[in-house]
Amino acid sequence: MARDSPAAGLAVQAGAGVWKGGTMGLIGILLALGVLIALAYRGWSVLLLAPIAALIAAALSGQPMLAHWTQTFMPAAADFVGQFFPLFLLGAVFGKVMEDSGSVRAIADELTRRLGAQRAILAVVLAGAALTYGGVSLFVALFVLAPMAEALFRRADIPRRLMPPAIALGTFTFTMMAMPGTPAIQNAIPMPFFGTTTFAAPGLGLIASAIMLGFGMWWLRRAEARARAQGEGFTEIRAPEIDETVLRERAVTAREFDPAEATRGHQSPDLPSGLVAALPLLVVIAVNLTMSLLVLPALDLSWLAQPIWGETSFGAVSGVWSVAVALTAAIVVAIGLNYPRLPRLRATLDAGANASVLPIFAVASLVGFGAVVAALPAFALVREWVLSIEGGPLVSLAVATNILAALTGSASGGLTIALDALGETYLQLAQATGIDPQLLHRVAVMSAGTLDSLPHSGAVVTLLSVCGVTPRAGYFNIAMVAIVGALLALVAVIVLGTFVGSF
């Protein structure tokens, strides 16, 4: 990056007043991160670890600990809950209604019937993609896709160890971070920062999706062919499952559904038709598109600038509103179409609502930790380093978000921490250099969804556990489809965005 560039100027300003004890402050930040990562990996609750880690960082920086806890940590966590709880709540309820009505299983069965065992990997990938792009929570999808994949892979004699990467390709990758309009929470997080919608940079999103799906399918077919050449087939031997308490604590920061609620409610033994099952997913996509591009832009929402409404703007709320209305409409449609299959509707709705609480507070705690770190004087050194990364704002944004998602094991947590600390700076850089905020949105979301699939990620741990595969046997192929493929797509988006712009 040139020294006279806007980013360099901002970096110099950021580092001008670095506290004299910056080295000790950096040690405190690194130690706090180490405590958070190490104990979270061992199943400790993030609700407890995040404030402890924040207090460690504050103490070693010579900052007032209690003030940072109550005046920095808690307001940041509360802001996250206030902004995104509707999406966590409605997403979890929708997923539970789809599960208990039999709709999730019906979609999986329909794809199994149409594609058959001879295309087992493709069937699993497409089933996962359809469910997650339609708004079904990841963990709801995992608990249905795992037995589907097991049955298909057994019939096709494909090694069990290829089940997790097939599911990961359909659920962790393009439908979560690249497909235009995906209601995934990480695709919603940049909207208040950049004034965008879930359909930001749709052309680039479609190209990225094609790269991830194409590379992932090529890799999995190659792995299947090599296994057959070596005489390796399906095995009934399952790896020991991880303790449920440990699994739950590691999973809730990864996605917006508490896996402990997956078995609650009442699952219908009768399944709807494939068309009836898929209709609520189509409603999510159609209503989200209509609200984002037609309904909300046509309304006069200037009154949002009044103090009574928090002096906010249309761009800060429109994306969340669109997804919230889409999920609400889909819940109503799903209940209406499947009412006879939901005899304990209140139990289903209660389980879905309860499933949203622990995940949002876990991620909000990570956000609070990030806010404390960003408020420390030593963080100016980190900011200066990030903004001075060669390649321009898109590259530095990608690097910063990837690192934070990797450290926290959470796409939504890492993304929110990055944007809380640097989002306004990147928006200023975008305006100064002519970068479309939609491009920032897409790069940020895709960056959050790459290195969040490292071995300590709760989603990865849960996936391996429900498939009965050890990390040693299954993780390498997960990394190839969920990290390498995503990084290739991210590079393509950054290159195209730099030379062509957002489209």
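Computed from a predicted structure; not experimentally measured.
The shortest side-chain heavy-atom distance between Arg341 and Asp100 does not fall under the 4.5 Å cut-off. Side chains of Val386 and Val399 form no contact here, defined as non-hydrogen atoms less than 4.5 Å apart. Put simply, the side chain of Pro377 reaches to within 4.5 Å of the side chain of Gln63, judged on heavy atoms. Using a 4.5 Å cut-off on side-chain heavy atoms (C-beta onward), Val443 and Val493 make contact. Side-chain contact between Phe215 and Val481: absent, with no pair of heavy atoms (C-beta onward) separated by less than 4.5 Å. Here the side chains of Tyr133 and Ile285 are in contact, with some heavy-atom distance below 4.5 Å. Contact annotation: the side chain of Phe193 never approaches that of Leu440 to less than 4.5 Å [non-hydrogen atoms, C-beta and beyond]. No side-chain heavy atom of Val460 sits less than 4.5 Å from a side-chain heavy atom of Leu454.
Between the side chain of Arg105 and the main chain of Leu271, no donor-acceptor pair closer than 3.5 Å is present. Judged purely by atom type and a 3.5 angstrom limit, Thr401 has no side-chain atom pairing as donor or acceptor with the backbone of Ala398. The backbone N or O of Gly91 lies less than 3.5 Å from a partner atom in the side chain of Ser137, making a donor-acceptor pair. Under the 3.5 Å distance criterion, the side-chain polar atoms of Ser292 are left unmatched by any main-chain donor or acceptor of Leu289. Side-chain N or O atoms of Ser356 include one that pairs as donor or acceptor with a backbone N or O of Ala353 at under 3.5 Å. A donor-acceptor pair under 3.5 Å links the side-chain atoms of Arg383 to the main chain of Ala421, judged by distance alone. Judged by distance alone, the side chain of Ser388 and the main-chain N or O of Trp385 form a donor-acceptor pair under 3.5 Å. With hydrogens and angles disregarded, no donor-acceptor distance shorter than 3.5 Å links the side chain of Asn187 to the backbone of Pro183.
Nearest heavy atom pair, residue Ile360 against residue Val81, reads CD1-CA, 4.0 Å. Among all heavy-atom pairs drawn from Tyr426 and Leu397, the shortest one is OH-N, 3.2 Å.
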Quiz item: Please walk me through it: do Thr175 and Thr132 pass side chain to side chain donor-acceptor pair (under 3.5 Å)?
Solution: CA-CA 6 Å; Thr175 59; Thr132 50; 2.7 Å; yes

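If you check the side chains of Ser268 and Asp270, you find no donor sitting under 3.5 Å from an acceptor. No side-chain donor-acceptor contact under 3.5 Å links Gln306 and Glu311.
Environment of CZ in Phe199: crowded, with over 12 heavy atoms of neighbouring residues, nucleotides or ligands closer than 6.0 Å.
Two rings, from Phe88 and Phe84, have their centers 6.0 Å or more apart.
Summarising the geometry, atom CG belonging to Leu66 is positioned 7.5 Å from atom CG belonging to Leu55; distances are rounded to the nearest 0.5 Å.
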